[in-house]
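Whatever order the structure lists them in is the order used to number ligands and atoms, beginning at 1. Every value quoted in this text rests on a predicted model; they were computed, and no experiment measured them.
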Amino acid sequence: MRAPLVVGNWKMHGTVAEARALATAIRDGLKRPRGVEVVLCPPFTALAAVAEILGAGPIQLGAQTCHHEAQGAHTGEIAPPMLAELGCRWVLVGHSERRKEIGESDEVLNLKVKAALAHGLTPVLCVGETAAERRQGLTFTTVEGQLRAGLAGIGPDGIARTALAYEPVWAIGTGVNATPAQAGEAHGYLRGLLSELASKEVAQTVRILYGGSVKPENADTLIAEPEIDGALVGGASLAAPGFIAIVRKAARVGAAAKE
Ligand code: PEP
């Protein structure tokens, strides 16, 4: 049984003061989230402030990326131990915006997954096809390439400590989400690959999140898909009421699945 996981990706939004207000509202609105894990990924500049607000409570802290080395001459970069020191337990790896805007390659992302695991962070490896790739029937080819490269050289134990996010690029920030059937099909394909790369048992434990225009209105039907284990939420994580509604829906779906 995989407990649903909801991750808020705040991207490049929020001064420290705004991040404090948003984290406080989410924390106070989700006093005791039951049957669901919740992670907030603010910008680096707000991590310390949000860590203070979340304290030892149930909502966890994550970062939006990390460098693959523990230290060094890499101007502007942030290393995994620096994130761990601030209380991060999660880190997004390979978000499509970073693949596209920063040019992060599958090879570098593989190093980042390994670095995150080595420093006790849970990587959320993001994969997903563009609209053109889907039109050309290349959805599975694309996500398979990204998954195999991202997890290259990582054994079953490491894969068991990793989460995935299927984020079709055409659904991110567009308001157009994948249908539950489209997402469920891609998730099933990814889980099949995990069985091959690790084992069937490990594949059954790895959470595969769906990301791409998740909102309170569509969260339950998406997360109710048996292969969808939660959501990576961008835009809708920037307002506490909507994000809290998504978390509550995920918790309800998780509870219903247990019955
Ligand atoms: C994301 O940033 O990972 C994302 C899915 O964004 P949005 O929810 O805004 O589509």
* Please step through salt bridge (Lys or Arg N to Asp or Glu O under 4.0 Å) for the pair Asp229 and Arg207, ending with a clear verdict. => CA-CA 5 Å; Asp229 306 316; Arg207 261 119 24 126; over 6 Å; no
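The aromatic rings of Phe140 and Tyr189 sit parallel, their planes meeting at an angle under 30°, below the 60° perpendicular limit.
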Check ligand 1 for N or O atoms under 3.5 Å from a protein N or O and list each pair with its distance.
unit_1	atom_1	unit_2	atom_2	d
ligand 1	2 (O)	Asn9	ND2	3.2
ligand 1	2 (O)	Lys11	NZ	2.7
ligand 1	2 (O)	His95	NE2	3.0
ligand 1	3 (O)	His95	NE2	2.9
ligand 1	3 (O)	Glu167	OE1	3.1
ligand 1	3 (O)	Glu167	OE2	2.6
ligand 1	6 (O)	Lys11	NZ	3.4
ligand 1	8 (O)	Gly234	N	2.8
ligand 1	9 (O)	Gly235	N	2.8
ligand 1	10 (O)	Gly173	N	2.6
ligand 1	10 (O)	Ser213	N	2.8

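Around atom CD of Gln136, more than 12 heavy atoms belonging to other residues, nucleotides or ligands sit under 6.0 Å away.
Judged purely by atom type and a 3.5 angstrom limit, His187 uses its side chain to pair as donor or acceptor with the backbone of Glu227.
Checking each of Thr142, Thr174, Thr130 against Val169 for a side chain to side chain contact (heavy atoms under 4.5 Å, CB included) leaves exactly one that passes, namely Thr130.
Judged as a ring-ring contact (aromatic ring centres under 6.0 Å, His included), the pairs with a partner in residues 66-105 (not counting sequence neighbours) are, in order, His67-His74.
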